Structures are given as C-alpha cells and as structure tokens.
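Here the structure is laid out as structure tokens; the discussion comes afterwards.
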Amino acid sequence: MKKAIQYLLKGLAVLLPIIVTIAVVRWLLVTIETGLRPIWVAALGETYYFPGLAFLSFLGIAFLIGFSARWALLNSLWELPGKIMNKMPVLDTVYGTINDVIEMMSGKNFADESVVLVTLPGGDVRLIGIVTKKSTDGDRLAQFLEDDHVAVFLPMSYNVGGYMVMVPRSCIEAIDMSPADALQLTISAGLGKKQAKE
C-alpha cells in the first residue's frame, strides 16, 4: 500500500505541473482569441479569418509597443492607462498588485548586483535576498534607513510574498546572481532544475 501511494504521488508530481501549465496557457490563448476575434472578423470577414490570427496579432501588438517604448513620448503614452487605473478606487489595488507581482517576478525593479546573502544579526542562518533600497536613495523608505543600513527583500518559498528587512551592510554579502534567478531559486525552495551558468 505504501509503495502504491508513493507511485501515485510521483505520478501526480509529473502530471500536475504539466496540466496546470497547459491550463494557464489555454486560458490565456482563449482569452486573447475571444477578445480580438470580433475585431478581425469585422475587418476581414469570416472568410479570411483563421483561428490563431487574434493571438498572432496580439504578439505583434506587444512587440510594437515594446519597440516603440524606446522613445520617451510613446513610452509615456503606453504608461498612461496604468496611471489612470492607479488613480481609480478598487482598480488601483487590483492593477497595482498584478503589476507589482509581474515586475517583481521579472526582476525589473531590482538593480544589477543587488542579490545578497543576508546573515541576520546574532545568528548563523543565511537567506537569499535582494537589496531594494539604500539610505542614499532619498525616497520615503530611505528616510527610515540609517547610513550603514539597506532594505532587503527576502522572498518566500512557494509564495509571491516575502519580507522586507532593514539590516546593516555588515550583514550582507553580494553574490553573482541576477534578481530574476534569485527569485526563481528562492520561490522554488532550491528544488528547481535550472543549471548554473558556466
């Protein structure tokens, strides 16, 4: 019986990540296709429309927006809808949370060479963290930091959350890792299979 349960758990460990990944990708494709299909049908007619055209056009639009965002004027134009949603009740919370999570997971808001090992004062336990603020940054959080302190984000395993701690610089040690890799490694509790770079 014990062996049978082990085999079942092993099978679930193989199948569930595949099923969840396919379900998320399918949901994304269906959502995009459902949203853009009427526009293409109205423009081309049913005769010339083919399944997948909406998704391809979505990728094309995303590429064009990313390409044109190199120019400050167009970049401010693309950021305008987000700024409007950030000022609207309820929407500001939903949009802000989704935006923060995506940017955090991509490592967008973290500077290069900001990944550190944190040794908490009075202990030998070390945690992987990402420096988010220094006392010289001059913003709201920086005013609470002493000159020799930094704010470090400590991601939690199997969670999109974490803790922000303010520690002396003597408690941190820089490590050669990108913020995105550090987040992936920590969130997966080190169980990921991504190989170290040569």
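Note that this is a predicted model, so its numbers are computed, not measured.
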Query - From CA spacing to verdict: side-chain contact (heavy atoms from CB on, under 4.5 Å), L154, V165 - result: CA-CA 8 Å; L154 302 174; V165 295; 3.8 Å; yes
Requested in this report: Answer yes or no: does atom CZ of R70 have more than 12 heavy-atom neighbours from other residues, nucleotides or ligands under 6.0 Å?
Outcome: yes
Query raised in the report: Counting only heavy atoms not in W27, do more than 12 sit closer than 6.0 Å to its CH2 atom?
Result: no
Query raised in the report: Roughly how far, to the nearest 0.5 Å, is the CD1 atom of I175 from the CD1 atom of I128?
Result: 5.0 Å
**Report entry** Test side chain to side chain contact (heavy atoms under 4.5 Å, CB included) applied to I22 and I18, V25, I19, the passing residue
**Finding:** I18
Report summary line: Value for OG (S57) from CD1 (I32), rounded to nearest 0.5 Å, stands at 9.0 Å
**Report entry** same_hphob_cluster(L77, I61) at 4.5 Å side-chain heavy-atom cutoff
**Finding:** yes
Report summary line: Rounded to the nearest 0.5 Å, the OH atom of Y48 sits from the CH2 atom of W40 at a distance of 14.5 Å
Report task. Answer yes or no: is there a side-chain heavy-atom contact under 4.5 Å between V116 and V118? Result -> yes
Query raised in the report: Are V14 and I5 linked, directly or through other ILVMFWY residues, by side chains that come within less than 4.5 angstrom of each other?
Result: no
**Report entry** Partners meeting side chain to side chain donor-acceptor pair (under 3.5 Å) with Y49 (sequence neighbours left out)
**Finding:** E33
Query raised in the report: Going only through I, L, V, M, F, W and Y residues with side-chain contacts under 4.5 Å, is there a path from L56 to V41?
Result: yes
Requested in this report: Find the distance between CG (L59) and CG (L64) and round it off to the nearest 0.5 Å.
Outcome: 11.0 Å
Report summary line: Looking only at heavy atoms, the pair that brings G129 and P155 closest together is CA-CD, 4.5 Å
Query raised in the report: So L127 and L117, side-chain contact (heavy atoms from CB on, under 4.5 Å) or not? Walk me through it.
Result: CA-CA 6 Å; L127 305 167; L117 285 176; over 6 Å; no
Query raised in the report: Parallel, tilted or perpendicular: which fits the ring planes of F63 and F67, with parallel below 30° and perpendicular above 60°?
Result: parallel
Report task. Take L185 and M177 through the side-chain contact (heavy atoms from CB on, under 4.5 Å) test and state the conclusion after the steps. Result -> CA-CA 10 Å; L185 179 67; M177 185 182 296; 3.9 Å; yes
Query - From CG (L44) to CD1 (I39), nearest 0.5 Å - result: 11.5 Å
**Report entry** Minimum side-chain heavy-atom gap S68-W78 below 4.5 Å
**Finding:** yes
Query - Point-to-point distance, once rounded to the nearest 0.5 Å, from CZ of F55 to CG of L28 - result: 6.0 Å
Query raised in the report: Does any non-hydrogen side-chain atom of I130 lie less than 4.5 Å from one of V152?
Result: no
Requested in this report: Could you tell me which non-hydrogen atom of P17 sits nearest to which non-hydrogen atom of A13, and how far apart they are?
Outcome: CD-O, 3.1 Å
**Report entry** V24-L15 co-clustered via ILVMFWY side chain contacts under 4.5 Å
**Finding:** no
Requested in this report: Output, in order, the C-alpha distance, side-chain angles, deciding distance and verdict of side-chain contact (heavy atoms from CB on, under 4.5 Å) for T119 and V125.
Outcome: CA-CA 6 Å; T119 304; V125 176; over 6 Å; no
Query raised in the report: Is there a donor-acceptor pair under 3.5 Å between the side chain of T34 and the backbone N or O of T31?
Result: no
Query raised in the report: Quick one: side chain to side chain donor-acceptor pair (under 3.5 Å) partners of S76, sequence neighbours excluded?
Result: none
Query raised in the report: Can you hop from V20 to L12 via hydrophobic side chains spaced under 4.5 Å?
Result: no
